[in-house]
Trainee: 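Take this structure, written in structure tokens, and hold onto it; I'll ask about it next.
Both counts, for ligands and for their atoms, begin at 1 and track the order of listing.
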Amino acid sequence: MKVLLTGFEPYGQERVNSSWEAVKAHPEFVEGVEIVKECLPVSFERAGMALGKVVALYQPDVVLSVGQAGGRCEINVERVAVNMADFKKADNDGCQPCERRLFLDAPDAYFSNLPVKCLVDAIRKAGIPAVISNSAGLYVCNSVFYSAMHMVYSKYPNMQVGFLHVPYLPCQVVEKVKQPSMAAEMVVQALKIVIHTLVSVT
Ligand code: PCA
């Protein structure tokens with residue numbers, strides 16, 4: 001089995017992105033699973049294309065994308081990707097789409113084709129806070145998640161796609177007031193559990 005793990009570059013005021021820090025720290029081989037990694041741009045125009053390129057290159061069985069969700073307390077396993085971009089803040093290219101459909105003639109939403117409930121249960125069993133989330137937002141993470149799901153329905157029917165939102169790292173909240181955080185090691189542990197669960201159930 002081959003898993004493509006993606007994280008994002010920093011954006012906004014942040015100097016790091018907790019998603020990429022965790023993906024970067026994840027081993028490249030676990031339980032006979034080959035892990036390939038990519039850091040995606042926080043860009044409405046470029047992120048989906050960048051993902052398409054690496055999917056074509058590596059032909060992974062599973063795409064597990066990870067994004068930072070400052071303010072969230074737990075690992076959020078996303079269930080739904082929506083065909084909509086409506087950015088509250090400009091992306092790293094200065095682009096700020098307003099109520100823009102991501103793909104014309106495509107469904108309003110896709111569900112992740114990973115066993116989300118089973119993944120959340122497995123992460124929680126290891127003592128790591130995790131919940132199912134029913135909204136990945138309307139920013140770049142949702143666009144990437146939707147693009148990946150669209151690849152499943154248009155090109156790679158056997159590919160499994162999931163999206164995890166993760167809290168800030170502790171170092172990111174030192175100067176913030178009452179903001180939740182999670183250590184990168186814990187996120188890495190959760191990613192390992194997700195991969196282990198997928199190997200066991202598929
Ligand atoms: N989080 C943003 C985009 C990149 C990231 O790490 C989001 O939640 O859309």
Trainee: For Tyr139, is the NZ or CZ atom of Lys88 found under 6.0 angstrom from the centre of its six-membered ring and inside 45 degrees of the ring axis?
Mentor: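 Geometry flag: not set, cation outside 6.0 Å or 45°.
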Trainee: Using 30° and 60° as the class boundaries, would you call the ring planes of Phe87 and Phe44 parallel, tilted or perpendicular?
Mentor: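 Ring orientation, 0 to 90° scale: perpendicular.
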Trainee: Consider only side-chain N and O atoms of Arg79 and Ser135, and report whether a donor and an acceptor are under 3.5 Å apart.
Mentor: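 Per modelled atom types, Arg79 and Ser135 side chains form no pair under 3.5 Å.
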Trainee: Non-hydrogen atoms of His165 versus ligand 1: any pair closer than 4.0 Å?
Mentor: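 In this structure, His165 qualifies as a contact of ligand 1 - some heavy atom is under 4.0 Å.
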Trainee: Salt bridge check: are Glu28 and Lys2 linked by an N-O gap of less than 4.0 Å?
Mentor: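 No, this pair does not count.
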Trainee: Under 3.5 Å, N or O to N or O, is Phe8 touching ligand 1 that way?
Mentor: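 Looking only at distances, the answer is no, because the N/O contact criterion of under 3.5 Å is not met.
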Trainee: Numbering the atoms of ligand 1 from 1, which are under 4.0 Å from a heavy atom of Gly67?
Mentor: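 Contacts of ligand 1 toward Gly67, numbered from 1: 6 (O).
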Trainee: Need the ligand 1 atom indices (1-based, order shown) with element for anything under 4.0 Å from a heavy-atom of Cys141.
Mentor: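 Near Cys141, the atoms of ligand 1 are 1 (N), 2 (C), 3 (C), 4 (C), 5 (C), 7 (C), 8 (O), 9 (O).
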Trainee: What I'd like to find out is whether the side chain of Val77 reaches to under 4.5 Å of the side chain of Val131, using heavy atoms alone.
Mentor: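 SC-SC contact between Val77 and Val131 ruled out.
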Trainee: Counting only nitrogen or oxygen atoms and a 3.5 angstrom limit, does Gln68 reach ligand 1?
Mentor: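 N/O-N/O distance under 3.5 Å: yes.
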Trainee: For Asn17, counting its heavy atoms only, list the atoms of ligand 1 lying under 4.0 Å from any of them.
Mentor: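 Counting atoms of ligand 1 from 1, those under 4.0 Å from Asn17 are 5 (C), 6 (O).
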